> 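Let me begin by handing over the structure; questions about it come next.
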Amino acid sequence: MTETTLKKELICFIANLLKDCNHVAVGASSPIPGAAALLAREAFGSPRHVNILGSVKNNFFTNGSQELFDCAAQGRIDAFFLGGGQIDGQANINLMGRGAYPDNTPRWPGTFGSAYLYFLIPKVILFREEHSRRVLVDRVDFISAPGVSDENIYRTGGPYGLLTNKAFFRFQKEKRNFLLESIHSNSSLEDILDNTGFEFEYSQNTPLTAAPNPQLLELLETHVVDKVKDVYPHFAQETFGIDAACS
Amino acid sequence: MTETTLKKELICFIANLLKDCNHVAVGASSPIPGAAALLAREAFGSPRHVNILGSVKNNFFTNGSQELFDCAAQGRIDAFFLGGGQIDGQANINLMGRGAYPDNTPRWPGTFGSAYLYFLIPKVILFREEHSRRVLVDRVDFISAPGVSDENIYRTGGPYGLLTNKAFFRFQKEKRNFLLESIHSNSSLEDILDNTGFEFEYSQNTPLTAAPNPQLLELLETHVVDKVKDVYPHFAQETFGIDAACS
Amino acid sequence: MNISIEELVKMIGDGAKLAVPADYSGIAMEATRALIRKGVKDLHIVGVPTSGLQSELLIGAGCVSTFESSALTLGEYNPAPRFSHAIKEKTIRLIDATRPAIHAGLQASQKGIPFMPLRGIIGSDILQHHPEWQIMDNPFSEDKDPIVVIPAIKPDIALFHAPLADRDGNVWIGRRRELMHLAQASKTTLVTVEKMVDTNLLEDETMAAGVLSSLYVGGIAHCPKGSWPLDFWYGDKEDGDHLREYKEKARTEEGFDEYLQEFVYESASS
Amino acid sequence: MNISIEELVKMIGDGAKLAVPADYSGIAMEATRALIRKGVKDLHIVGVPTSGLQSELLIGAGCVSTFESSALTLGEYNPAPRFSHAIKEKTIRLIDATRPAIHAGLQASQKGIPFMPLRGIIGSDILQHHPEWQIMDNPFSEDKDPIVVIPAIKPDIALFHAPLADRDGNVWIGRRRELMHLAQASKTTLVTVEKMVDTNLLEDETMAAGVLSSLYVGGIAHCPKGSWPLDFWYGDKEDGDHLREYKEKARTEEGFDEYLQEFVYESASS
């Protein structure tokens, strides 16, 4: 499978996860989730609202990210995406850096809104293409945002699952761990076990991730691609071979 | 002195109090202070900013009264006006009603923003045309907003003085009382003493309130009157004999 | 989302906590009359931060059980006779606040936080009479620094009148951005508008700053002159003759009933 | 109030607490270069709620002593080499927050309150490393309900780039209303604009919702393309070639110095 094929499959996979949402917000530098949200809106009519931060089109906020955070607290955002330089088996994420704070090597950009949105958006999808022991660690070096909280902590949101280049895990809140739900066709259970630094539940018969519905894929490649190009021109060029400047 | 002459003199008197201000805010139903602020801006170039609440012209707020309150807390409003169904000698004001709350008879509209703005705007001018023992009482029945606060209470603003149809009192914060500063030409010290329900400091030689500067009065009647009419059409008609609907 | 005014007010059930703006922001008066016609009961009105004829009519018509605001004022047509009567007869519960405290409570709701601190108020008698406000010590001050904390006010529905809406459910509120806070603090928002437009308001860069997104909007009714007889900042001036007529009639219960009969029950919805 | 860019940056003194917006809101890059040319020292930068190339350049040029934000990100041109270098060499003090906490701190300043409560954060390591944040119990909850409180962040100056300003000192920020909060939270605001217009922006009802009043503005410099090489939401797209060149050069201290020489010190102010 080529890299661009895989990207398209991830887009279709995520789109299917967003069917039950009314409002999906996506970060400015998350082209695959962003494309997925635009695809889902086009294909299923839901999410009805897609907000891509930093975009002028596809963004109805008139108060910047403050409105995003207020909206999340109001319960008006159903799904969001977070990544992380490190993600551990309790769904803790680290966006700060490797090693001991503040002398991280490397230091990454910072925690952004993760320490807040992870608490307040019901369906947070962890998305990180790289599936390696470097990223998927036993214990993150710095908790930018915790995967689970004690009972007495106000929390209406949290991790729904973790999607990588190799697999999709569902997060089990009660057990505080991940369950391997499906393996992409380019990988195998052995490959997953070799490249995952945290413990997780799995069955020997973990199914393959279903191939994308051809109609969905076609819709992406025909109708949705222009919308993706508007927001993520570099990504669209790399993935769909479209020269944003010339079309 | 006719009533309209007196109103014009009050406008000129207040305009002189606003000279040292950068930003004056005025309530929607305060035509005399509003006219005074517009006059001062025209005559002295200061206040530079005049905000008349509820007006579209002469109002730069784009967040309604929320912006007024924030602005006051930021220290960006220098003067404001408050009235009261009752005002007492410690500059406590009552906008709630006569008698015991909640069974006031009569009940007035309510406390508005007084319980907040009185604390945060440095120069609050109490303005109430009626000068009687009914209004100027020994002790208000309900403190909508207190004239003074204990040392440990955060307070950057408070009463500057009290202007009525008969006189102007300066408030003495340390002594927690009013000092009679000047008596309007239609009144006398005896008249003031007869009609004031609270104790106040005064000298037997309390001067008359200075007559308005003729140029200031002329400016009001010529250039400023149209601006007043825009905001307070009924008042302009009554005071300046202008029919707003026909000009 | 574009519905009739009767359908719009159907969404306001008995017992709803209904937030309405101050007169200068645009009042949905025709919707208010429809609400009285429908016979809504037990409203908890939040006047943000004050209210006027709208609440006076609802109170007079027996639709209100709680009135929470910093004032009920008819401006130069004060006093409000039905409000005064209801207080005298103790037929409504009052929650008297001060204007920024109403805003602070709504902002807490908008931000999903349980409370907001607010300066001022200490020493005002409204503090001791308010059922919920507390004083706490500012945790960031070395010296004792008492400050009032205001709990979130969470309306079920916000209702107002605005200049424009588009077919996608976006509403143009222009410089009345305070309505944005009102809408975001409420579970949903119902709007009457002067005019419907066919183009998406958010796609017009000069309009966008004044657009309330459809995300927050539960229903829109096209209702020209929907704020009559009150002044509308982006439309007609107040109908002073009518307001004087109201003031005169509403002095007595009988007069008020006649007013309702003539201007509410017998008037056709636009 | 309409002044040159060199006069504008004169108002930013050594040690100032300087608030700047996230890249999507409009960055005053030409003013930033003027600031480096002037040799400002010891800035406390508040990135609201993140910052990018602007802070990277100021840090690299030695103008910054404290960086307070929730991220310094060059987006697809990450990592930020001079930021990383400064952290390694410990030449700047970091105050790491999360985005809504930066907003909450500014809103506390905007509202003149000492702090704001904020949900989330508990269990994040940023909490224990932050020099000021506290946890308190929600006073309105019967059950134990811990909540983080964020003290006010009070910048001396806000600096950004906007589409339009008028001769009266009003600035049109359009749908970037977040800049309103930034300005109101700061003691004063300096702005560079693409264009000056002759009519008063507040008097145009369609523009008014997006206008920052001159009350909040301390200086305006006319500076077309003032956000170059960054994307401007109401103007040019980012200059990707230049940003790639920056990324390449700034890998080393020498390369960065060459970059400053060519694009900051030798470039004429517009």
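Quick caveat: nothing in here was measured; it's all calculated off a predicted structure. Both backbone and side-chain heavy atoms feed into the values below; hydrogens, waters and symmetry mates do not.
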> To the nearest 0.5 Å, tell me how far B/Y101 OH sits from C/I87 CD1.
8.0 Å
> Heavy-atom pairs under 4.5 Å with chain C: which of B/S144, B/A28, B/A115 has the most?
B/A115
> What part of C/T73 gets within 4.5 angstrom of chain B, counting heavy atoms only: side chain, backbone, both, or neither?
both
> Is it the case that more than 12 heavy atoms not belonging to C/K17 sit under 6.0 Å from its NZ atom?
yes
> If you check every heavy atom in residues 177-184 of chain C against those of chain B, which residues fall under 4.5 Å?
C/R177, C/E178, C/H181
> Check whether any side-chain heavy atom of C/T50 sits under 4.5 Å from a side-chain heavy atom of B/P109, and report yes or no.
no
> Measuring from atom CZ of B/F69 to atom CD1 of C/I102, what distance do you get when rounded to the nearest 0.5 angstrom?
10.5 Å
> Is it the side chain or the backbone of B/T156 that comes within 4.5 Å of chain C heavy atoms, both, or neither?
neither
> Between B/S65 and chain C, with a heavy-atom cut-off of 4.5 Å, which part of the residue counts as in contact: side chain, backbone, both or neither?
both
> What option among C/R176, C/K237, C/Q107 has the most heavy-atom pairs under 4.5 Å with chain B?
C/Q107
> Ignoring hydrogens, what is the shortest heavy-atom contact between C/F83 and B/W108? Give both atom names and the distance.
CE2-O, 4.4 Å
> Does any heavy atom of chain B fall under 4.5 Å from the side chain of C/P49, the backbone, both, or neither of them?
side chain
> Just wondering, are more than 12 heavy atoms of other shown residues or ligands nearer than 6.0 Å to CD in B/E130?
yes
> Within a reach of under 6.0 Å around NZ of C/K247, are more than 12 heavy atoms found that belong to other residues, nucleotides or ligands?
yes
> Go through the atoms of B/S55 and report whether side chain, backbone, both or neither lie under 4.5 Å from a heavy atom of chain C.
backbone
> Which heavy-atom pair separates C/A97 from B/T111 by the least distance, and what is that distance?
O-CB, 4.0 Å
> Name, in order of residue number, those residues of residues 116-129 of chain C that have a heavy atom at a distance of less than 4.5 Å from a heavy atom in chain B; otherwise write 'none'.
C/L118, C/R119, C/G120, C/I121, C/I122, C/G123, C/S124, C/D125, C/I126, C/H129
> Could you tell me whether the side chain of B/S29 and the main chain of C/G75 form a donor-acceptor pair under 3.5 Å?
no
> Could you give all pairs that pass the salt bridge (charged side-chain N to carboxylate O under 4.0 Å, His left out) test and reach residues 60-85 of chain B, with sequence neighbours left out?
B/D70-D/K111
> Would you please go through residues 83-96 of chain B and name the residues with a non-hydrogen atom below 4.5 Å from one of chain C, in numerical order?
B/M96
> Working to the nearest 0.5 Å, report the span between CG of C/D145 and CG of B/N152.
8.0 Å
> Tell me whether B/E221 at atom CD has more than 12 heavy atoms from other residues, nucleotides or ligands lying less than 6.0 Å away.
yes
> Salt-bridge test for B/R107 and C/D96: reply yes if a basic N is under 4.0 Å from a carboxylate O, no otherwise.
yes
> Within this structure, what is the CD1-NZ distance for the pair B/I153 and C/K144, rounded to the nearest 0.5 Å?
9.0 Å
> Tell me which of these, C/P146, C/S84, C/A104, has more heavy-atom pairs under 4.5 Å with chain B than the rest.
C/P146
> Charged N to carboxylate O under 4.0 angstrom, B/D103 versus C/K90?
yes
